[in-house]
Amino acid sequence: MFLKRIEMHGFKSFADKIVIDFDYPVTGIVGPNGCGKSNISDAIRWVLGEQSVKSLRGDKMTDVIFAGAEGRKALNMAEVTLVFDNKDHLLNSELEEIEVTRRIYATEQEAEYLINHKNVRLRDIQDLILDTGLGKDSLSMITQGNITQFAEAKPFDRRAIFEEAAGVSKYKKRKNESLSKLQRTSENLDRAKDILDELERQVNPLKRQAHKAELYREKKARLEQIEVSVLVNDIYKNNEEKDEIGKELFTSESNVSLQNTTIQIQENVIIENKNVLRQYDREINQLSDLYNSIVNDVVSLEKRKVEIDQKRKYALETGNDEEKLASMSSLVSEAKLEYDDRSSRLKESTAELDILNNNLSEIALEIADASLKKEEQINIVRVSENRIELLKNVLKDPFSSSAQSGVKAIMTNKSSFTGIMGVVGQEIHPLEGYEEAISTALAGAVFNIVTRNEEAARSAIAFLKKNRSGRATFLPITALRSRYIKREDEIICKNTPGFIGTAAEFANNSIEFDIVRESLLGNVIITDNLENANNLASLLHYGYRIVTLEGDVVNKGGSMTGGRIKNEVSLLTVQSELNRLNREIVSHRANRDLLVNKYNALAAQKNALESQIIEKRVAIAKIEPVVEAKKAKYEKLLAELESMNLNSTEQVNAQSDSIITKLNEAQSKRDKLSLEIKLKRDERNKLSLDNDRKEQQIRLLRRQVDAENIRIRSLSERKAVIETRMENSLNRLAGEYHMTYDYALENIDRNIDENANEEVIALRNEIQALGNINMSAPEEYEEINKRYEFIKKNYDDLIASRDMILKTIEEMDAVMKKQFKETFDKINHELPYTFASFFGGGKAKLVLEDEDDILNSGIDIDVQPPGKNVKSIRLFSGGEKTLIAICVLFTILKIRPVPLIVFDEVEAPLDQANVERFAKYVKNFENDSQFLIITHRPGTMAQADVLYGVTMQKRGVSELLKVKLVDAINMAEKEEENS
């Protein structure tokens, strides 16, 4: 048997699972009205793809699920399986047994389809039974309603069953699919044509624009090549000139600084010398007054001595021996006094010379000490000035280190980027006293570059990569998060000795950098010293980085970092150190000037002492012969006195001795004062001459300083002009060509001819003459042209596809015409015989309404039962129409056997005789077809090989059982009596 069995569970009234086995060609399904026997034919049509809920006698597809009955709950699923024997391969499959299942759940409207327990699509079911005669609308499914519809249908509506019989359904389906495809292809062609027209309107202008853009790019590339070379050459030359000017400026500024220092020192010395000169003037005036007074005393004493000498001379010449002896004694005494005076003065001068020599030795020691201190202080000033210059250079170019070349490249070309906010070390400012701690806390992050977002950072990194300008770390503000110390850890910190606060508390910044400060410093702790840092780190389980005021660090995990680098420069401490040095250098310079003045004063004193020593030696050299002469005179007079052996006159001698003594004393004072006045005047004159010389030097130096300042201004102006030119060139290099000078210098050929500038101007004019340029035109043209070519190819493919579809349709039409005509003719040939078998004679034939359009022509049935002349089938009675329709169907089955036929009470309108004819006629086909007949007519039951009865012992629940023919006939008769 083709259909081996049906398995149902939960389908309509069949709540329990039932299995119907088909072992005979003709199987009858019997049962009273309302028992659910027609649900079996519904089940078969449902499995084979019926989608019409109305034809299944429901409102929605889930109505096929058992809805419950008295004492029975509703089910949530309905499932029907048809098992086919496919050894003859009537179905479109290589398998010999095929199970087709349809399943639906109460929660879903869509059903599941399965072939041999594998999920498939509805289309797969339809393809499986295509051209087999099976199907929801084919010859295999005939109901009383189908018969009536066929008999009363319009001629065109009858075509379907004949097309199925002719085997053209599959071709018609394919044709309809081809027509749908043709429709879609035509629509696609229309759309493609519209797109092609639009693209053609775009392609040509874009082609011109693309050519123009390519021309622009060529000229721009040439311009870039030349102009970059020109810019690099200009920058290189300007840089060399700037360096030369810088050297000249340094030399001139150094000269001015040195000259100003010299002027300041000289002016200080002059001021000090003038004070010394005024002191000299006061002392000289005082000594002059005293000298004049002593000179008057000497004059007076000399007059009295002359008077006494005249008296003694007179006594020697006119006096007696006694008087002569007294006079000689007086001369001896006078000679002795003179000798003693000169000898005493010699001794005093020698003693004074010794004192001067001792003073000179002491001053030499003081000068050596002052010179050492002066040089030390000068060195301190020089070191401070060098450090200040270094710090100024760091402030001017904080990224000069090779390690920060990337940062320098970005910040130098900052104007060429968007979103570059600044460098951490320039935007975060430590409070005074916390510079070292904050600098250590930030460490390498000092040189991190802050950006507004990740896109700005990516753009800057791409710039560094392109120019190979180094590396840099970026902090996108959008990616930063504030960091804090846990509340419980903060309590521990506040109660631990040495804790000062978090690093973020001791730094200032503008509001937009708050997140940067909090992210980098928010969880860094500051303590006063390393010991307290160790103690606090232990209490916090080494979970934080701790920094001391001196810059020592206790890292997370407990490792420690410390020490100091000589002359280290930090970006954060440079300004505070510069401010401190600027304050200190004022004091250092003042101390230097004081030490220089002291040294100069000691040098002046040394010079004065050396002059005094020379003068003292000259004086001693002058007085030594005088002492010898006085000694000789004294000894000669003493010898003469002894030879005279005269008695002295005490009164004369005493008076003479007193006068001589006073005179000698006065002369000695006068000579000393004269010498002292002379020395002081010499020192004053020397000092005055030195001041005059220094003032002349200062005037000369001022003229030199003025000349140097004029030169410095001129050089500075030249340097500013060169720097402006360089800045403009660098900005153009970065802004227009996205290059750094270093990258361009390394990668660009600087060998250009002398007409490069003229070529640059010419290229710029040519580029300007091109007008507006659509730089995206080449890409747009390539994209649009590519799309145009693609659409054009698709359009051509669609044309070819359309032609192919049309050709296929023509071929299918030819096949369908041929097959339909052959089948139609065969049916028309057999129909009279079938008709005569049922009506006992008469005529019957099929008539095409339009023989010229065989594929679309309606089919009319022209029958003439014996003794009747009825022009239209619609005029026959219901039974006659049913019998005519059955005749046509059986004729079709003769021509086109179908493996399975389901009759659902098709013979119900027939009388008993015709029912018996119908039933007997079925037996003619049992060798070619399998019949499942749902009936309640005994005549039909009598011809069935096996009967199944459908009962409804419980209201709403159908059951199935095999029945004997006698029981089935009795059941049918009772049903007829009840009806």
**Q.** Closest non-hydrogen atom pair between S837 and R917, with its separation
**A.** O-CD, 3.9 Å
**Q.** Distance (rounded to the nearest 0.5 Å) between I195 CD1 and F790 CZ
**A.** 10.0 Å
Q | Beyond-backbone contact of F839 with P866, side-chain heavy atoms, under 4.5 angstrom | A | yes
Q. Taking it one step at a time, do I98 and V83 satisfy side chain to side chain contact (heavy atoms under 4.5 Å, CB included)?
A. CA-CA 6 Å; I98 297 175; V83 181; over 6 Å; no
Q: For R184, enumerate each residue passing the side chain to side chain donor-acceptor pair (under 3.5 Å) test, keeping only those at least two apart in sequence or located in another chain.
A: none
Q | Q930 side chain to L3 backbone, donor-acceptor under 3.5 Å | A | yes
Q) What's the shortest heavy-atom distance between R102 and V47, and which atoms? A) CB-CA, 4.1 Å
Q) Between N116 (side chain) and E99 (backbone), is there a donor-acceptor pair under 3.5 Å? A) yes
Q. Below 6.0 angstrom between ring centroids: does that apply to F22 and F2?
A. no
Q) Rounded to the nearest 0.5 Å, what separation is found between the NZ atom of K193 and the CG atom of L798? A) 13.5 Å
Q: Give a yes or no on whether the backbone of R5 and the side-chain of E7 come within a donor-acceptor separation of less than 3.5 Å.
A: no
Q: Output, in order, the C-alpha distance, side-chain angles, deciding distance and verdict of side-chain hydrogen bond (donor to acceptor under 3.5 Å, both in side chains) for N914 and D911.
A: CA-CA 5 Å; N914 284 324; D911 56 24; 3.1 Å; yes
(Q) Would you say that more than 12 heavy atoms from the other residues, nucleotides or ligands in this model lie under 6.0 Å from the CG of D59, or not? (A) no
Q) Using 4.0 Å as the upper bound for N to carboxylate O, is an ion pair formed by D124 and R121? A) yes
Q.
Could you check whether D21 pairs with K4 (Lys NZ or Arg NE/NH1/NH2 to Asp/Glu carboxylate O, under 4.0 Å)?
A. no
Q. Any donor and acceptor pair, going by atom type alone, linking the side chain of N86 with main-chain N or O of S93 inside 3.5 Å?
A. yes
(Q) Quick check: do L947 and M941 have side-chain heavy atoms less than 4.5 Å from each other? (A) yes
Q.
Walk me through whether F903 and F918 qualify under ring-ring contact (aromatic ring centres under 6.0 Å, His included).
A. CA-CA 11 Å; F903 285 149; F918 164 78; 5.5 Å; yes
Q. CD of E110 to OH of Y105: how many Å apart, nearest 0.5 Å?
A. 14.5 Å
Q | Check ion pair E112-R103 (N to O, under 4.0 angstrom) | A | yes
Q. Between A192 and I791, what is the shortest heavy-atom contact and its length?
A. O-CG2, 3.8 Å
Q | Sidechain N-carboxylate O distance under 4.0 Å for E916, R937 | A | no
(Q) Under a 3.5 Å distance rule, please check whether S13 uses its side chain to pair with a backbone N or O of G36 as donor and acceptor. (A) no
**Q.** D945/K923 salt bridge by N-O under 4.0 Å criterion
**A.** yes
Q) Between K793 and D796, does at least one N-O distance fall below 4.0 Å, as a salt bridge requires? A) no
Q) Do L91 and I129 have side chains that get closer than 4.5 Å, going by heavy atoms? A) yes
Q: Fit a plane to each ring of F890 and F925, take the angle between them on a 0 to 90° scale, and name the class: parallel (under 30°), tilted (30 to 60°) or perpendicular (over 60°).
A: parallel
Q. Which distance, rounded to the nearest 0.5 Å, do you find between the NZ of K894 and the OG1 of T891?
A. 5.5 Å
Q) If every non-hydrogen atom of D16 is compared with every non-hydrogen atom of H9, which pair is closest and at what distance? A) C-CD2, 3.9 Å
Q.
Any salt bridge linking K786 with E789? Criterion: basic side-chain nitrogen under 4.0 Å from a carboxylate oxygen.
A. no
Q: Any chance you could lay out the salt bridge (Lys or Arg N to Asp or Glu O under 4.0 Å) test for R45 and D42, step after step, and finish with the verdict?
A: CA-CA 5 Å; R45 286 192 295 117; D42 289 345; 2.7 Å; yes
Q) Salt-bridged, K807 to E810, with N to O below 4.0 Å? A) no
**Q.** Worked verdict on K37 versus E905 for salt bridge (Lys or Arg N to Asp or Glu O under 4.0 Å)
**A.** CA-CA 10 Å; K37 58 183 180 293; E905 298 188 5; 3.4 Å; yes
Q | L48 and M141, any side-chain heavy atoms less than 4.5 Å apart | A | yes
Q. What are the two closest heavy atoms between V950 and P32, and how far apart are they?
A. O-CD, 3.6 Å
Q: Using distance alone, with no hydrogens and no angle criterion, decide if E94 and H89 have a side-chain donor and acceptor under 3.5 Å apart.
A: no
Q) Regarding N856 and D853, is there a side-chain donor-to-acceptor distance under 3.5 Å anywhere? A) yes
Q. Roughly how far apart are I142 CD1 and F931 CZ, rounded to 0.5 Å?
A. 10.5 Å
Q. Any side-chain donor-acceptor pair under 3.5 Å between K881 and T148?
A. no
**Q.** Any donor-acceptor pair under 3.5 Å from S55 side chain to S52 backbone
**A.** yes
Q.
Tell me if the CZ atom of R191 is crowded by more than 12 foreign heavy atoms within 6.0 Å.
A. yes
Q: Spell out, as yes or no, whether a donor-acceptor pair under 3.5 Å connects the side chain of D904 to the backbone of V906.
A: no
**Q.** Distance-only polar pair, side chains of S857 and D850, donor-acceptor under 3.5 Å
**A.** no
**Q.** Validation row: F11, I40 side chains within 4.5 angstrom (heavy atoms)
**A.** no
Q. What heavy-atom pair brings S41 and V902 nearest, and what distance separates the two atoms?
A. CB-CG1, 3.9 Å
Q. Looking only at side chains, do N188 and R802 share a donor and an acceptor under 3.5 Å apart?
A. no
Q | Spatial distance of atom NZ (K12) from atom CH2 (W46) [nearest 0.5 Å] | A | 10.5 Å
Q) Would you call K821 and E851 a salt bridge, using N to O less than 4.0 angstrom? A) no
(Q) Quick check: do K175 and D813 have side-chain heavy atoms less than 4.5 Å from each other? (A) yes
Q.
Among T951, T935, I933, exactly one meets side-chain contact (heavy atoms from CB on, under 4.5 Å) together with V30. Which residue is that?
A. T935
Q) Just checking, any donor-acceptor pair under 3.5 angstrom between side chains of S877 and E880? A) yes
Q: Please confirm whether the backbone N or O of D797 pairs with a side-chain atom of S801, one donor and one acceptor, at under 3.5 Å?
A: no
Q.
Do L960 and I20 make a side-chain contact, defined as non-hydrogen atoms from C-beta onward lying under 4.5 Å apart?
A. yes
**Q.** Working for side chain to side chain contact (heavy atoms under 4.5 Å, CB included), residues Q953 and E959
**A.** CA-CA 8 Å; Q953 296 179 2; E959 295 181 0; 3.8 Å; yes
Q.
Taking A106's backbone N and O only, do any of them form a donor-acceptor pair with N76's side chain (distance below 3.5 Å, no angle check)?
A. no
Q. Between E907 and T940, do the side chains contain an N or O donor and an N or O acceptor separated by less than 3.5 Å?
A. yes
Q) Is the shortest heavy-atom distance from the side chain of L114 to the side chain of V100 under 4.5 Å? A) no
Q: For the residue pair T101 and E79, confirm or rule out a side-chain donor-acceptor distance under 3.5 Å.
A: no
